[in-house]
Amino acid sequence: MRLPHSPEAVERMVEAFTQSDLQIWLTPLYHGGMTGAMKNCLDWLEITARQEKPYLTDKVVGLVCWADGGQAMQGINAMDAVAKALRAWVIPYSVPSLRICSMPMVSGSNSPASISGNWTG
């Protein structure tokens with residue numbers, strides 16, 4: 001089913017994408033790629049398909065992804081493929097980031113320190 005008109009919020013979002021000079025895409029790794037909400041957002045760019053410069057033609061995109069372990073590059077690769085499919089230029093440097101536990105660890109333990117426990121630094 002195709003909507004007769006795109007929602008107003010979508011029109012504003014697509015305009016922001018197409019009027020920008022530079023975009024930085026950020027996402028946590030989610031099942032080997034970007035989040036569904038981010039992918040859905042990018043999918044709405046299809047409404048520009050009949051424009052003179054459709055999608056993100058000649059826009060510059062930077063990529064940032066974070067994940068537990070060393071898998072953040074999977075998210076970068078997924079975003080890279082989508083950006084290129086949308087005719088954007090991806091900057092050659094990306095930022096895969098390891099998410100680190102925000103709770104300090106108890107010395108000699110594999111578990112976070114409790115509120116009343118000893119903090120290590």
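- Grouping the Ile, Leu, Val, Met, Phe, Trp and Tyr side chains by contacts below 4.5 angstrom, directly or via other members, places L26 apart from M34.
- Distance check, rounded to the nearest 0.5 Å: NZ of K84 to CH2 of W89 gives 9.5 Å.
- Atom-to-atom distance recorded for D80:CG and C65:SG is 12.0 Å, nearest 0.5 angstrom.
- Between S6 and V10 the shortest heavy-atom distance is CB-CG1, 4.3 Å.
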Apply side chain to side chain contact (heavy atoms under 4.5 Å, CB included) to residues V90 and L63 and explain how you reach the verdict. CA-CA 8 Å; V90 178; L63 307 174; 3.6 Å; yes
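- None of L86, T48, V82 except one satisfies the side-chain contact (heavy atoms from CB on, under 4.5 Å) rule with L56; the exception is L86.
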What's the verdict on side chain to side chain contact (heavy atoms under 4.5 Å, CB included) for M73 and S94, showing C-alpha distance, side-chain angles and the deciding distance? CA-CA 9 Å; M73 212 48 217; S94 57; 4.1 Å; yes
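- G32 and A78 get closest at one heavy-atom pair: O-CB, 4.4 Å.
- The line from CD of Q19 to CZ of R12 is 15.0 Å long, rounded to the nearest 0.5 Å.
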Checking side chain to side chain contact (heavy atoms under 4.5 Å, CB included) for the pair Y55/E46: CA distance, chi angles, key distance, verdict? CA-CA 7 Å; Y55 312 114; E46 184 61 29; 3.4 Å; yes
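- A salt bridge does not link R87 to D58: none of the charged nitrogens lies less than 4.0 Å from a carboxylate oxygen.
- Between the Q23 side chain and the F17 main chain, a donor and an acceptor come within less than 3.5 Å of each other.
- Partners of V60 by side-chain contact (heavy atoms from CB on, under 4.5 Å), not counting sequence neighbours, listed by chain and number: L22, I91.
- Atoms CH2 and NZ, from W44 and K39 in turn, are 13.0 Å apart once rounded to the nearest 0.5 Å.
- Note on M13: it clusters hydrophobically with I47, by side-chain heavy-atom contacts below 4.5 Å among ILVMFWY residues.
- One finds the SG atom of C41 at 9.0 Å from the CH2 atom of W25 (value rounded to the nearest 0.5 Å).
- Taking hydrophobic clusters as Ile, Leu, Val, Met, Phe, Trp and Tyr residues chained together by side-chain heavy-atom distances below 4.5 Å, W66 does not share a cluster with M79.
- The backbone N or O of T35 sits less than 3.5 Å from a side-chain atom of T27, completing a donor-acceptor pair.
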